[in-house]
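Worksheet: the structure to be examined is printed underneath.
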Amino acid sequence: MKKYLRTLALFLVLASLMSVFGAYAFADGLQSAGEVFAEFPYNEDGEETPYRQLAYRVCQFDEEILMPGEINVFNTYDGETRYVQGKYGMARGQKLYDCPDENAEARWFVRDGCRVIVYGEKNGFYFVELQYYEKSEGTFAWIPVDYVVDEWSFPLSVTRTGEYGGW
């Protein structure tokens with residue numbers, strides 16, 4: 001019986017260690033917006049770094065969305081304006097994710113031609129903020145790099161729409 005309990009205790013210790021270190025390995029330098037403020041809450045009255053200001057805006061949208069680490073955010077916190085050139089054109093919305101992983105379930109969709117502000121890149125995905133006219137729509141997400149372009153192409157959109165059963 002003693003051997004059984006020792007073996008069980010060893011197994012539980014190993015399982016606990018794997019679960020703790022597994023989370024760090026999966027994150028790969030990413031953290032949720034809520035985790036940015038876990039130790040030091042956001043101070044609206046004081047000086048905050050541009051990264052923490054961005055994290056605060058992301059946190060207002062969704063605390064659980066993974067953000068790029070500070071080293072993966074582009075030098076300018078104003079971001080770079082680009083456009084979504086969707087995989088399916090106007091036939092369907094382009095998938096958006098809460099982490100940079102295509103195997104994850106798509107949580108949101110964006111229309112073809114939507115303007116986005118790109119803040120960072122990780123694992124072939126851009127971390128973007130959707131724009132509505134000149135203002136933020138308030139949505140932050142990850143989108144594959146392949147579907148974000150400097151200039152949106154209407155002819156390409158029409159071609160893709162036709163290929164995927166649109167119109």
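When a residue number appears, it is its place in the shown sequence, counting from 1. Note that the structure is a prediction, hence the values are computed from the model and not measured.
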Would you confirm whether Q53, through its side chain, and E48, through its main-chain N or O, come within 3.5 Å as a donor-acceptor pair? yes

Got R92 and F109 here, is their nearest side-chain heavy-atom distance under 4.5 Å? no

Can you name the residues that form a ring pair (Phe, Tyr, Trp, His ring centres under 6.0 Å) with F61, not counting sequence neighbours? W108

Could you check Y88, Y83, W152 and say which one makes a side chain to side chain donor-acceptor pair (under 3.5 Å) with D112? W152

Cluster question for you: counting only ILVMFWY and a side-chain heavy-atom cut-off of under 4.5 Å, with indirect links fine, are Y42 and L54 together? yes

Do the side chains of V36 and R52 get nearer than 4.5 Å, heavy atoms only? yes

If we ignore hydrogens and angles and just use 3.5 Å, is the side chain of T161 paired with the main-chain N or O of M90 as donor and acceptor? yes

Over 60° means perpendicular and under 30° means parallel, so classify the ring planes of W142 and F125, tilted if in between. perpendicular

Using the test salt bridge (charged side-chain N to carboxylate O under 4.0 Å, His left out), find all partners of R107 that sit at least two apart in sequence or belong to another chain. D62, D98

Flag the pair R82 / D150 as yes when at least one side-chain heavy-atom distance between them is below 4.5 Å, and no otherwise. yes

Mark yes or no for whether S157, through its side chain, and S153, through its backbone, hold a donor-acceptor pair below 3.5 Å. no

Counterpart residues, salt bridge (charged side-chain N to carboxylate O under 4.0 Å, His left out), relative to E102 (two or more places apart): none

Validation row: S136, Q131 side chains within 4.5 angstrom (heavy atoms): yes

